[in-house]
Structure formats: C-alpha cells, structure tokens
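Encoded as structure tokens, the structure appears first; notes follow it.
First the proteins, then the strands, lettered A, B, ... as listed; each starts at 1. Only this structure's heavy atoms are used, side chains among them; waters, hydrogens and symmetry mates stay out.
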Amino acid sequence: MISNSLLEVRNLHTHFTLGGWLDTKQVIRAVNGITFHINRGEVLSLVGESGCGKSTVGRTLTRLENATSGQVIFDGKDVLQMPASEFRILRRDIQMIFQDPYASLNPRLKIVTTLSEPLFCHKLVRSRSDAREKIADILERVGMDRNDMHRYPHEFSGGQRQRIAIARVMILAPRLVIADEAVSALDVSIQAQVLNLIKKLQQENGMALLFISHDLGVVRHISDRVAVMYQGNIVETGTKHQIFDEPNHSYTKLLLGSIPRIPMGIYS
Amino acid sequence: MLVYTFKRLLACIPTLLIASILVFLFIHLIPGDPVAILLGDAATPEDIAALTYEMGLDQPIWTQYLLWLGNVLQGDLGTSIFFHEPVLSVIADGAETSILLALMTMIWIVVFGIPIGILSATRHGSWVDQITSGGAMLFASIPTFWLGLYLILIFSVGLGWFPSSGFPSISDDGGLLNIRFLVLPSLTLAAPNAALIIRLVRASMLDVSREDHVRTAKAKGLHPMAVSLRHIFRNALIAVAAAFGFTFAALVSEAVVTETVFSLPGIGRLVVQSILRRDYPVIQGVILIIVVLYIIINLLVDLAYARLDPRVSLK
Amino acid sequence: MPLLEVKNLNLSVLTGNDLLPVVRDVSFRVDENQTLGIVGESGCGKSLTSLAIMGLLGGTPISMTSGSIVFSGQELTSLTNKERRSIMGNQIAMIFQEPMTSLNPVYRVGDQIIESLRKHRQMTKTKAKKRAIELLDLVKIPEPENRVESYPHQLSGGQRQRVMIAMALACDPKLLIADEPTTALDVTVQDEVLALIRDLQQRLGTALILISHDLGVIANTCDYVAVMYRGKIVEAAPTADLFSNVNHPYTHGLLNSIPVIDRDIEWLKAIPGRVPTINEKLAGCAFNPRCNIAENICTTCDPEQITLHDDHYVRCHFAKRGTND
Amino acid sequence: MIIMQRVLWIFKGRRLALIGLFWLCLVAVVALIAPLLAPFDPFEINPIMRLSEPGIPYLFGTDHFGRDSFSRSVYGARMAIIIGLGSVSVALIVGGVVGMLSAYFNRLGHFLMRVVDVLMAFPALLLALVLMTLLERSVTNTIIVIGIVYATTTARILFGMTLKLKEEVFIDAAKCAGAGHGALLFRHILPNLISPILVQASFIFAFAQLQAAALDFLGLGLPPEIPSWGNMLSEERIYVTRAPWLLIFPGALIILSVFSMNLVGDVLRDKVDPRFKLDIKGI
C-alpha cells in the first residue's frame, strides 16, 4: 500500500497570521493537521465548503504557501524540506490547474509564449521549432486548433482558456496534477466538456489527480476516492461509493442532503 | 478605538525617526564645513572652533545626531544666521500668517471643491460635467504664481477691491478686517487644490456608483438624489479623506510660491528667503516642522478614515 | 389577471455604434402566489430581463427597444420615473447575487432596512426600527435586536443574504425577484436560504421570479420554468412537465451535462461548441451550431414559438418530433 | 496608418483631448526645429527695442533686455520638452526600480518603502527647493531634482501595482510552470505595468512643467539666461503692469501644454486596466 502511494501528506498544518502589532493578531488555521495519500494514477477529490482549507492544501503542496509544519512526501522525497532550487526541478512532476481561466493566463502573452515557458524552464526542448511542434501537439490533444497558439488569451472563451491552461500543465507530462476548482467557473454545458477532457487525459497519461472542488456532483463523476474537509481537517475519507452511498460522518451527510436534486426519475 | 489610536501613534515613531535623520543629514550634505555654514560668512576661525566643540562636531556622527535630537526635543532648533535669533521664534513669527492663510484656503476648497465635485459626478457625461471637470483640470494646469499675478492685476491694480501684498497681523490696527489681505492669496492657493478635490470627488463617486450596493439602493426606489448623497457620496468620502494628506503636501508647496507672490510674512516666504540667504538652520527648522506636521495630519486622516469606514475601526 | 405580464421584451446593448440585441422577444407571465424560474447560462439575458422589470437599466449601456411590462394592470414602461420608483422596493422588490457587496458597507444593517420603510410607508424612525427587528426575526437571524445594529462586514455571507431578503420584504411586495440569490453561498447555506425563501413565499403569498444557472435550485423551488439561451426563451413549461417531457435540444443537453450525485456516469454528454458571444451574428436558430438534431432549416429560419400542450412552449423546428436521446 | 487609427480609436468622443494631443505634437515639432523657426537670436540683447509691443517683427513683443519674446518662446518649447522628458525618465527609472523591487522582494521592500513614505512627507516643491540649495542652478540639476521628487510618488504607485500583480493567478501559474525571478519580473509583471506607467508618465510630465516653472519663478531653477517659459515669467513679472503681454504668452504656453498633457493623460487613464486606475496619481 505505502509503496504504491505517490504522494503522502502527514499531519500538515498551514496557518496564516493576520494583522501585525497595529491590529489584533489572529492566527487562521487554514489547514490544521491533515493526513492523506494519493496512489499512482489515482484520482482523489478533496471536497468541502468555502473556507474549509481545501485550496490551501493544494497551494501548500505546490509551495505557493508555506506550510507551518508536517511532511509532504512525493515519490520518497520530502517536498517541504528541499531547497527552492531543487523544488523548481520537481515542479515538472507536480502541476496545478487553477479555478479562474480568465486570471490564470497572462493577458500580455501569446498562447505560444505561455505554453513554451514550462518547456524552456525545464529544458525539455532544444529549439523554438521543437517547442512549437510540442505545443501544436498538446493543443490538438486538448481539443484546440494548432494555429490558436498565435493568438492572445482575450480572443478565447472561458472554456477554451481552461483548455489552454490544461495544455500548459499536460505539456510537462506531470505525475501529479492538482486541479483547484478547475471547472467551477465554467457554465454547465462547458463544464461537462472540460470535465470529460480532464478525465480522458488522466486515463491516457495515468497521472495522479488531486481534484479540489465544492461541487459534489462533479466530484462523484471524476473521483476514485474522496476526502471531505471541514474547518481545516479531513473529517472522512473513503472510496467514492463509501462517501456517496454510505456516508459515516454527520457533516458528509449534511453536505449530501443539501444538494438540490433534479427530478431525474421523471426525466429518464 | 482608543487602542487603535494609541497603536497608530506608536507607529509614527519610526517614521519620525527616519525623517529626523534625513533632516539632520541635510546640513551635512551641504558641501563645506557645517560649522562654517552654520555661522555664515562673517565667522572667525575662533568662533568656528568654539562652535565645533559646543556642537560636538568632533564626536562621531551618531552622537552628534543624538545631541541634535535632544536639543530639538527641548525646542531648541538652533540659531538663525541672518536674524541671530532662535530658529523657533523666527518660525513662530510667520506662523500666524501661514495658519490663517491655510484655514481660509481650506474653507474655499471645501466650499467649492465638494459641491462642484458632486455636481460633476451626478451629471456625469452632461455638459455640466464637461465644463466643471474640464474647468477643474484647467485650473490645476495654471502655475500658481501666474494666477496670483493676474489676480493682483485684476482685483487690486484694476478694480482696487483687495490689497495686493503684505499682511498686517490681526492684532494690529484693522483687527479681523485685515483678513482681506488674505482673500486673493487664499483664492490663488485654493484654485489648484480645489480643482484636485473636484476631480477626486468626481472620480471616486463614479467609482462607487458602479458598486453593487448602489444598485440595491436604487432598487429600493430611493430618489436619485438620496442615492447620490446618502449612498454614493458617503462611500466616496472615504477615498477623499484618504487623499487629504496628499492635498496638504500640495498646499504647502504652493503656499511657498503664493506667499512669495503676495509678499506675505509667512513661513513659506521665510523658506525661500532663507534659501537665498543661505540661512541653513532656519531651512532645517522649517522642514522639520513641516514634516512633523505632515505626519500628524496623516495620523488625523487615518483616525478620520477609521471613523468613516466601519470596516477599519471595528476590527 | 396575471400579476406580471412581460410581452415581446427586446433589450439591446450599445457597443461602439452598434446596437446588439441581448434579449429577444421574451414573453412570460407570473400569477399571484406563483414561482417562476428562469434558467440559463451566463450571458443568456436572464439577469437583464429582471433588471428591465425592476427598471434598473438606467445608466447602463443597455436599453429596452420594444416590448411591454404590465404589472397589476399597469404598463410599467409608460410610467414616469417617479411613479416607477414608488413601485420599486415597494410592490416589486429584488434580491441580488452578491451578498458580500450588495449591502452598503458604511451603514448599519438596520438603517438599510429602514430606508425603504421610511420612503414607501412614511414610518417614523422608531416604528421603522421595530419593524426592521421583526423582519430580521422573520428571516431567522438570531438576536435581531443586536443584529440590527451590526455593520454588513460583521455578518456571514448567509446572514447578509438573509438581511437582503428582509430588506426586500420590508414593504410586503407583491412580487419578489431573486437574481442568483444563492450562487455565492455554500451548498449547506444555500439549502437553508432556499428553504427560507420557499417558506416565506408560501406564508406571505408573494409571487417569485427566481433566476439561476442551477437547474437543481430551480427544480426544487419553482412551479414554472423558462429556459433561456442567448436572449430567447427556448422552452417554458410547468416544472414537472418540463422534466418529464423535455423538448428543446438545449434543455436536453443542459440536463445531460450535469453530473449528478446519485448515479455513476462514465462520460457526460456535453453540448459541443461554446456559448456564442453577443457580437456573433447567427442566422436561423441561435442554438443550431451546437445542436445535434439541426438540419438545413435551422441555419436559415429562426423557429417560432410552438405550443405543445397547455403552458408548454418550445422554440424548435423539430419540437413535436422529440429528440434523439 | 495603423497607429493613426489606434490613436483615433482611443480619443474617440474626446475632441478636446485630441486637440490637446495635436498641440503637444506641435510643441514637440517646434522644439525640434526651433533654430529654423526663431526669427531672432533668443539671447541677443537690444536695449533700444526693449518692452516693445507685440507686432511685426516682434510677434510676442520684446522683454526688458529687448530680446525677442517669440524666439525665446520657441526655444522655451525645447526647454519644456527636455525638462519634461528628462524628469519623467529619472522618476520612472529610479522610482520604477525601487517600487517594483520593493514589492517583489518583501524584506528589502519593507525598509525601502518606509524611506519612500518619509520622503513623501516632504512637500514636492519644498523637497525640490532644498535639493536645489545643495546643487548649482543648471538644466541637468533641475531635471534630476524634479525627477527625484516624482520618483517617490512613482515608487509608491509601482509598489502598489506590483503587489496587486503579484497576487494574480497567472503569476502563481508561471511559478508552477517553473519560471524564476527574472522571468516573473520581466516576462510577467513588467509588460502588464507598461501602460499604467505610461499614463503616470504623462501626468508627471505635466506636473514637472509646473514644478519647473515654480522653481524658475523662485529663482532656484534653470539659470536665468536660459530661455524657458518659467524664466520668461519670472524675469518679466515686475513689468506686469507696463507690459502685460510679456506674461500672457509664456503663461498661456505653459497652461496650454500642461492642460493638454493632463487631458491626454485623462483619456489614456480611461483605457488602462481598471485594476490600476485608482493607483495612478494624476488630476
């Protein structure tokens, strides 16, 4: 079991201190001692309501936030302890998709520049033409046209931008992708397309996926296992069926009970 | 609120310290021996040696700074080379004029700036807005001294309504009526600053008017005037208050010019004359006082801000 | 007589020199005590429709080009601004999406509720404040006597939305418009707020227009549903009838796109393509580029509204033929 | 052609600002070809013709030395452009580097911005005056002094804007893609700041004109013989009753140029990313 896990998080804490001496000091325990693991090629969902700390988990794993204490072991190496220079190399294997496709692409850069950045930073290509070849490939894989690389982000719709953001991640062929509310900002009809795309890429590449979301329907659709977070802690972990069909924790039950259901019985 | 005030006061201390170091270093930045500079051209070598010892200039610079700071805290800002009087009393002589000028200017700024700004914002896009906001920008583009000269030319030389220069103290003959000497200078000084406030009130009101809560207020069926004043202006006031410190600095800058144009015996003209006379202790003293004043005003602005915006004070 | 009847409403946005239609030919009615849900994706014109009913389009680049809005027998579009304002917040009230920004941050909650009472009911301050406390109690805010003195930033998102509801109900409106009232809230809070809206709507007999992108929310709250796509109502029917007898391919696609929590689906049947922007001019049916049953006629001819049976309307050339599920 | 179209698009519906832009272009052209345009030597003293009224051949009249006011005004345009561009460059380079780096590197920034805050406690003209007492009157020194005065504001503004950009998701995304400090600063942050910086520059250009004129007026700016609009006003102010035209022309030139620059800045500000609109200090 242990040998099979790609990522192991042990007793992770991420706290934020608000206000200096001019204000009353406040410590926010966004992530308050959580432990979980992800196996190779597995989809684990982290689900919870806003402010429960699920996004902070993702940001801590990619070292966009500093952990207060705890261990994050990725493929046998402690991610939190390694020097920044070493972690920059490891970034290739731990990639992140962000929520807002309108904010995650630099508006001043052509798609080709945005997509070449990871290639050149990780020295995966020798020349610009090499890079272009790879970019054209990946764009087609995410359902875009290869000529889209010469355009700017504002020329695309939200769904298309999210495909580009996914391309930026997939171009590195990472072993772990963290998707932070990756489909929440999209309209339902587009959300379904992008969700299908993420699922397809995950299955083709065999990467592990940490899917962070507040939407239980989406979570059920994509996950193998689910961890429910509440106020900085994981209150329940289990396979998809355990969580959705036989929930144990009262919070999980409350969450499931709150979803407005569509009378699909009548419909189908 | 009390705790907030106290903490905010404490936060001023590092700023004051850095400012005092900069002001202190000013004398040392002037090329040449500071003692010779302080004593002026007429000083003998004996005087210089005596003062060097007295001021502790043979000591390391940190000790000198602490000595100087100690003197400043006791109200001793040094002696003017030109007047041979304590700097503090030289400055105090100009204080009445400058304070009265500032007060009168503030009145103009509030009386003209805020209503015109509101008018401009509520009539956004109309000809009223184009004239008021364009006019404000034009007034902010006029050099202060040029405006002053032409006001003198029209209202004193031409029409003879107001005196053109000088300001006898209100304790002299004429009493409060002497204020008339300040009408033209205060208008000169107010013009660019009122223009700034007009533009600021307009811009912040337009900004607030796009916020969601304004739509809520409109949805209640309130009169557009009530929406503008009670909801939009009240919120815009927060930004206007925050910019007040900036206005003060602009005011001081232009006061230097205005007092020179109207030959007012204020602190602004004192600075210019002291610079031309190379009366460095006075320059240093005035700068120190203005900087301290600026920091105090910013402190007051912050406290006012906390009263205007409940999100700040009631943390 | 219906409480509200909207007929052939057309709204256009002015961009540069072009007047682009954003809401086209929208007609619906709401009877007293009824709840109407308007569902659609972002940019479909559902929010603009509600703003037009409220009369809140002034100052925006959007204008009403034609149509009529009749409320309690009164044609709203022909009223003067003053007459319109006496209805706004009084007989028609609105709840907005963002509870975080929809309240004025510098005034106490109570003062904001009092405002419409003083304006429309000419109440004294003390009387209005008593009513404000009652209203906060009505929307189930604990300790209303203290909460009435709170500033918005001292309340949670759910509580702010309750305050918004209290504010809207202050003058006992006949019609309440709620524009995405729970979108910014967490599911558990959403559940409570929706329950509150349903409860109040039944107890007070207020008619309700609920606007949402979430079919689940609509299905659980409304008697009648209108589905909008790119400025048009493409299908409208009583809720139960809509879900048992889906006719428009867009409604169909929307339902298929939603991942549900009680069933496993391997691949979602997503609607292909993307939502067209308002600048794109589309010939024929606006949905034809994404439709799986579109034929030639769909690219040339915009379908008229067809009545299937009582109160079930569809805009599709193939409505009666059904869809190829 | 494309540039022209873009300019017309930006200035659409803002006719006054377009006229302002035209005026500024005219000033720039005059500055470039001043020697060709000036009918007389701006330094040539001609006591017989002193204080002559505007007419032919002295379009703007002559000053109390009998120098041709029109020729001096033409050369004054050159001075205005030099002072404007010079102090804007100093302000942007010094202030830009301090502001951007302070925002990007937290610890260094904390200290530097403290110092900038203190410097901002010195009113602009006063700071300029004090600095000028330490330096000689010259064109370079005037540029440096005005530039430094506005460098503090620029640093503050760029500090704020960079902090906002640092919070952007695309910066996080670039970090995840493996971008280093250089790439983040120069590929991701700086290009997004260019247009707000340009807007700020246009306002600084306008302020610098007024500031330079005030320094000239107080006798602490450019050396008195240099033909600048500020010097012309300063030198002739005692003749304001006898020869009012001597103050009208250079005064009007300053006002028109500053007003035009402010108008242009105002239009450009409307086109800037709304996030940064409130950061820009202008009129």
If we define contacts as heavy-atom pairs under 4.5 Å, which of [options] has the most with chain D?
| options | answer |
| --- | --- |
| B:Thr15, B:Ile152, B:Ile275, B:Leu16 | B:Ile275 |
| B:Leu153, B:Asn298, B:Val157, B:Leu149 | B:Leu153 |
| B:Met137, B:Arg199, B:Gln130 | B:Met137 |
| B:Ile295, B:Ile198, B:Ile287, B:Ile283 | B:Ile287 |
| B:Tyr150, B:Phe145, B:Trp146 | B:Phe145 |
| B:Val272, B:Leu138, B:Val252 | B:Leu138 |

Item checked: B:Pro14 versus D:Arg114, closest heavy-atom pair with distance -> CG-NH2, 4.1 Å
Checklist line | Heavy-atom pair of closest approach, residues D:Ala124 and B:Ser253 | finding: N-OG, 3.4 Å
Notebook entry, point to check: With a 4.5 Å heavy-atom cut-off, do D:Phe217 and B:Val261 have their side chains touching?
Noted result: yes
Note to self: Any heavy-atom pair between the side chains of D:Leu125 and B:Glu254 that's under 4.5 Å?
What the structure shows: no
Notebook entry, point to check: In terms of heavy-atom pairs under 4.5 Å with chain B, which of D:Leu256, D:Ile248, D:Leu127 leads?
Noted result: D:Ile248
Need one label for [X]: side chain, backbone, both or neither, based on atoms under 4.5 Å from any heavy atom in chain D.
| X | result |
| --- | --- |
| B:Leu22 | side chain |
| B:Val291 | both |
| B:Phe139 | neither |

Chain B heavy atoms under 4.5 Å from [X]: which part of the residue, side chain, backbone, both or neither?
| X | value |
| --- | --- |
| D:Ala214 | both |
| D:Leu220 | side chain |
| D:Arg269 | side chain |

Check: Hey, is D:Lys277 close enough to B:Asp207 for a salt bridge, meaning N to O under 4.0 Å?
Finding: no
Notebook entry, point to check: With B:Val257, which of D:Leu215, D:Leu218, D:Leu210 fulfils side-chain contact (heavy atoms from CB on, under 4.5 Å)?
Noted result: D:Leu218
Checklist line | Distance (rounded to the nearest 0.5 Å) between D:Ile255 CD1 and B:Ser141 OG | finding: 8.0 Å
